[in-house]
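Each remark here refers to the structure printed beneath this line.
Numbers restart at 1 for each chain; the letters A, B, ... are given by sequence-line order, proteins then strands.
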Amino acid sequence: MDDREKYTPGAIESKWQERWQEDGLYRSKVDWSRPKHYALTMLPYPSGDLHIGHWFAMTPSDARARWMRMRGYNVLFPMGFDAFGLPAENAAVQRGVHPARWTWANIERMRGQLRTMGAMFDWEREAVSCDPSYYRWTEWFFKQFFENDLAYRGEALVNWSDALQTVLANEQVIDGKDERLGQPVVQKMMTQWFFRYRRYADEMLNFENIDWPEKIQAMQTNWIGRSEGARVTFHTEQGTSFDIFTTRPDTLWGVTFMVLSPEHPLVQKVTTPAQQAAVEAYIEYSATQTEIERTAEGKDKTGVFTGGYAVNPVNGAHIPIWIADYVMITYGTGAIMAVPAGDQRDFEFARKFGLEIVPVIQPEDESFDGSTMEVAHAGAGYMVNSGQFDGTYSNGEKGRKNPAISEVIDWLEANGYGKEEVNYRLRDWLISRQRYWGSPIPVIYTEDGQMEVVPDQQLPVVLPEDIDFQGMTGNPLGRSSSFLNTTDHKGRPARRETDTMDTFMCSSWYHLRYLSPRYQEAPFDPEEAAYWLPVDVYTGGTEHATMHLLYTRWFNKAIRDLGVFDEAAQLMAQNGRNPEMLLDEPMLLLRNQGQVLGAERNGDVVVVTGGREGGKMVARRVEALPPEDARTLERLAASGESIPYPREQNRIVGEIVKRTENLLTIADLTRSGELQPVEVPESAQIVIPGIPGPNTVNQLRHHLEIQRMSKSKGNVVNPDDLVGAYGADTVRAYLMFGFDWGKGGPWNDDNIQGVVRWLNEVWDMVTAGSVEGAGDPEAARHAERKLHQAIKKVSDSLENFSFNTAVAALMSLKNELRPLAREGKLAGEAWAEAMRDMLLLMAPITPHITEELWALMGLPYSIHQQAWPVYDADKAAESMTTLVVMKNGKPIDWVAVPVGIGEADAKEAALATDGAKRILNDGAPKRVIFIAGRAGGAAGAEPKVNIVL
RNA sequence: GGGGGAGUGGCGGAAUUGGCAGACGCGCAUGACUUAGGAUCAUGUCUCGUAAGAGGUGAGGGUUCGAGUCCCUCCUUCCCCA
């Protein structure tokens, strides 16, 4: 080796990042002469530190965007910040930093961290949702919705979080707790702002024109929860009418009682004086229950009879009206018909309160008796006890696909008892938040109680800055007189709306603001939109399946119908693009990455001696074993061998699986892994090898399972450290290589060494230069073949988001080329060509090292502006291949044959092999099957002959 | 309870329409070079077997010349919905 420089990523990477920045290499401009590609990756919340998860999400997306660019597409790959939200406000309350200052400082920091990725983000298009120039248009969109009856203010039972001091959308409540802090959420009637989410429910169920993962489609379909059935009108004995929705009108004859939600307005009217006290007490009780508690299956049924009766329209039966908390006012009409014979929850309710059960759907071979049935029958069967419908077959399907349901609906409509109806689980989108750090809602309330929207020229309504957050609870906007007080269009005093918008409103259209973040005339420049829209590839996590990814689809459809895209559509058409169907959906293709989780960590293996007190041991001495001793001990125990520590009353030996303050839980190896509680008092002696001096109980490590990274668990992997140690290219390549991108997995940097070696070897190979001489033409041909095979493999892998196999193919290529280069078989122009193409193939994945080596080879700047090598099947083709000889599908021998060998020749060659002769042993095979080889030179592509004995 | 994924070496993970299971790496082993090796190079590395060979993708069955891949039953696990 000469004194050639070693690969030092640190210097190279910052050098090229600066150069690319100066040259505007990633500026993306409208150019109708070239095909466009809008690649988008979900924007981060500016929490202050870039996480390894951001790298995992963004750098493979960047590699793919770069690849598209090299393939000749004009690529837009923007980045920005979803900058409104509660953490900023919490920081303000706790530390006295204004949310804006906190947020902008974090953004500044994260911009720097994002730049170290070496991604091709076009920073000229950065959009930040908390910037007034952005939320001006968020407000403008709100106005559009309001003025077109897509936004309304209404009273509804909403999710109120006391901990967050705000209401939350249904999507943000998980198991009755808020998704952020996991604190309980209660149901409250409040006046709030909503968007008419259901209006596009049916259209959102259609995924025909977009390529989104099945999983996301299923989740969204579930979430929308379309159900077909009928709305049926019942009357009380007093004559008041009320509607119920049912998906099973074929069971109407089996209705033996009605159940109203405790919040239903009819409750007051039907309750008899005798039942008044019981009903009121029950209403009070149910208000304390969460929705999950109320509707949980298997829960003990509760309810109270109102004393009132309803009349069943189909048979005139008088049936009692009950109230019960398993009926929600927010679902359907807040009232249900109860068919205990056909619905398990109704069945349990009826049994508990001694109500009648009338079977109405009965399978052919059964005969139900309402008094003895043990479970409800919800499946298929023939209608019974149902008047003229007796004998009609109910096939168990939903809606019109069920002949019984279909016939009954027609009959209900003909007789005016009810009508066909479609119901949705989806509720309108609650966008009000009683918080400061969000986009204001541009509405004012006049003195005489009228509502006015703020005129366009006064937008944006800006968040006030003179707010003291410290120690405050509740909505700070309500305390700001400078914000609160305004005037109406006649100049009279008026009050501003103090609710702000859900941040999902901001992120529903950020992909549009990227198009022209500084545009003043509209939310986006139609010239840009006409060229770039829609988003071609969108990448992000699955956690937003029923939130962001559904909201943004709704938003897109809503603004399409409001004409927001009209000008862009015209321009599209003028430039020869057919806007038809291009603007119905915001993102054409969606792919999800998995999540990088924290690494598993073993707890210390300790020897505890002390005294027993009650059920637990109180330690006198805790000694952690050196890791190698601990491993030996655990191996012995796992294999059932005896360990060098016999079981003793006053000794516990094992791994710490949990630690709470000074209380340890130890899996005791002397007691077959039984969990033992150990208290460690101040006085106990604690010895930890490698940590001299007196130790404390806090230094003992407990077992940590694979889980999300979080600061409090101490398992966060910091990308800055990794970049410092290995360089951005290595981190990028490793994240792509070490995981299945769609799956993610526990962090583990064992494999990173492989990527380090790969890049070092590429560096050495290129900087070594070509040896003198002509080289070997055969080797050159071999290199060319491998190169073209790699072009195909890498291209296909990137196309399919299979980043790990792309890197694997590049490593294989290196393995092929390196010995040839070193032995001097690959020399001169053949060498140079091989190096050039290899660097081009690596460029999307490792942009810095390839740029540097490209320059060192004296090639014109920039490698990222070069064309992707064109795959040539002829050059990739091998002349000879291996014919696999099989016995009953198992390989037994191999023979070299020309590619494209015919069936007869292949069979002849196969039967002539030693392997074939041995198994045939002069006998005749039952059958001989030829499997032709496939093109491409990939593994498994070889021709095969299967000899069946 | 319903719906949908997933289960492959010591580890991360590969395997178009069914067609050589374990690509590419990590780790490990042996050897070489070295003052040294946690550098580099070479070779090996699914299991059993000295070998010829046989077996092998959560378990069991089936279809097929041929099954990680398709079908049935079951187990484990993750996600979504209730």
Legend entry - Selection from B:rC65, B:rG25, B:rG13 that lies nearest to any side-chain heavy atom of A:D740: B:rG13

Inset, instruction - Could you check how far CE of A:M736 sits from P of B:rG13, rounded to whole Å? - result: 17 Å

Legend entry - Proximity to the side chain of A:A808 - top-ranked nucleotide from B:rC65, B:rA23, B:rG53: B:rA23

Legend entry - Gap in Å between the two P atoms, one belonging to B:rG31 and one to B:rG37, rounded: 13 Å

Inset, instruction - With the side chain of A:S812 defined as its heavy atoms from C-beta on, choose the nearest nucleotide among B:rA14, B:rC24, B:rC11. - result: B:rC24

Inset, instruction - Scan A:G744 against the nucleic acid and name what it touches under 4.0 Å (heavy atoms): base, sugar-phosphate only, or nothing. - result: sugar-phosphate

Inset, instruction - Determine which pairs satisfy salt bridge (charged side-chain N to carboxylate O under 4.0 Å, His left out) with at least one residue from residues 808-818 of chain A, sequence neighbours left out, and list them in order. - result: A:E761-A:K814, A:E761-A:R818

Inset, instruction - Look at the side chain of A:W223 and the base of B:rC81, then say whether one donor and one acceptor between them are separated by less than 3.5 Å. - result: no

Legend entry - Syn/anti state of B:rG9 by chi, 90° boundary around 0: syn

Inset, instruction - Using modelled atom types only, decide if a donor and an acceptor are shared between the side chain of A:D428 and the backbone of A:R198 within a distance under 3.5 Å. - result: yes

Legend entry - Parallel, tilted or perpendicular: ring planes of A:H548 versus A:F504, cut at 30 and 60 degrees: parallel

Legend entry - Whichever of A:I892 and A:N804 has its nearest RNA chain B nucleotide further upstream toward 5': A:N804

Legend entry - Short side-chain to backbone donor-acceptor contact, A:T251 and A:R248, under 3.5 Å: yes

Legend entry - Nearest-Å distance for atom pair NZ/C1', residues A:K743 and B:rG13: 8 Å

Legend entry - Among B:rA14, B:rG25, B:rC20, the nucleotide that comes nearest once only the side chain of A:K944 is considered: B:rC20

Inset, instruction - Report the secondary structure of RNA chain B in dot-bracket form, marking unpaired bases with a dot and bases paired to a different strand with |, and treating Watson-Crick or G-U pairs with both distances under 3.5 Å as paired. - result: (((((((..(((......[....)))((((((.......))))))(((....)))..(((((..]....)))))))))))).

Legend entry - Interatomic distance, A:L735 CG vs B:rC24 P [rounded to whole Å]: 22 Å

Inset, instruction - Take atom C1' in B:rU34 and the same atom in B:rA42, then report the distance between them in whole Å. - result: 16 Å

Inset, instruction - Taking atom P in both B:rU63 and B:rG68, compute the distance separating them and give it to the nearest angstrom. - result: 16 Å

Inset, instruction - Answer with base, sugar-phosphate or nothing: what part of the nucleic acid does A:W758 contact at a heavy-atom distance below 4.0 Å? - result: nothing

Inset, instruction - May I ask you to decide if A:E799's main-chain N or O and A:R64's side chain share a donor-acceptor pair within less than 3.5 Å? - result: yes

Legend entry - Considering all heavy atoms, the nearest A:A783-A:L817 contact: CB-CD2, 3.6 Å

Legend entry - OG on A:S394 to CG on A:N402, rounded to 0.5 Å: 4.0 Å

Inset, instruction - Can you figure out which of B:rG19, B:rA21, B:rC80 approaches the side chain of A:P891 most closely? - result: B:rA21

Inset, instruction - Select one nucleotide: of B:rC65, B:rA23, B:rC79, the one nearest the side-chain heavy atoms of A:N888. - result: B:rC65

Legend entry - Spacing between A:K786 atom NZ and B:rA23 atom P, to the nearest angstrom: 15 Å

Inset, instruction - Could you tell me whether the side chain of A:T552 and the main chain of A:L549 form a donor-acceptor pair under 3.5 Å? - result: no

Legend entry - Rounded interatomic separation in angstrom, taking NZ from A:K814 and C1' from B:rC24: 10 Å

Legend entry - Check: B:rG25 base within 3.5 Å donor-acceptor of A:N751 side chain: yes

Legend entry - Check: A:T539 main-chain N/O paired with A:R591 side-chain donor or acceptor under 3.5 Å: no

Inset, instruction - Ignoring hydrogens and angles, tell me if any N or O in the side chain of A:N804 forms a donor-acceptor pair with the backbone of A:M736 under 3.5 Å. - result: no

Inset, instruction - Looking at every strand, decide which applies to A:K926 at a 4.0 Å heavy-atom threshold: base, sugar-phosphate, or nothing. - result: nothing

Legend entry - Span that lies between the C1' atom of B:rG56 and that of B:rG22, in whole angstrom: 11 Å

Inset, instruction - Classify the side chain of A:N222 and the base of B:rC81 as holding, or not holding, a donor-acceptor pair under 3.5 Å. - result: no

Inset, instruction - Could you check whether the rings of A:W429 and A:Y551 sit parallel, tilted or perpendicular, using 30° and 60° as the cut-offs? - result: parallel

Inset, instruction - Quote, to the nearest angstrom, the C1' distance that separates B:rG49 from B:rA54. - result: 9 Å

Inset, instruction - Using modelled atom types only, decide if a donor and an acceptor are shared between the side chain of A:Q593 and the backbone of A:W741 within a distance under 3.5 Å. - result: no

Inset, instruction - With P as the reference atom in both, quote the distance from B:rG12 to B:rG18 in angstrom, rounded to an integer. - result: 28 Å

Inset, instruction - Grab the CD-C1' distance between A:Q217 and B:rC81 for me, whole Å please. - result: 17 Å

Legend entry - Rounded distance in Å - CG (A:N592) to P (B:rG4): 18 Å

Legend entry - B:rU57 and B:rG4, which share atom name C1', separated by this distance in whole Å: 22 Å

Legend entry - Short side-chain N/O contact to B:rA54 OP1/OP2 from A:K887, under 4.0 Å: yes

Legend entry - Whole angstrom value for the distance that separates P of B:rG19 from NZ of A:K907: 20 Å

Could you list the protein-to-nucleotides 38-47 of chain B atom pairs, N/O on both sides, closer than 3.5 Å?
residue: B:rC41; atom: OP1; partner: A:R818; partner atom: NH2; Å: 2.3

Legend entry - Between B:rA67 and B:rC33 - P atom distance, rounded Å: 49 Å

Inset, instruction - For B:rU64, take OP1 and OP2 only and decide whether either is under 4.0 Å from a side-chain N or O of A:N946. - result: no

Inset, instruction - Would you classify A:N815 as touching base, sugar-phosphate or nothing, given that sugar-phosphate means primed atoms plus P, OP1 and OP2, and contacts are heavy atoms under 4.0 Å? - result: sugar-phosphate

Legend entry - Of A:T805 and A:M811, the one whose closest RNA chain B nucleotide lies more 5': A:T805

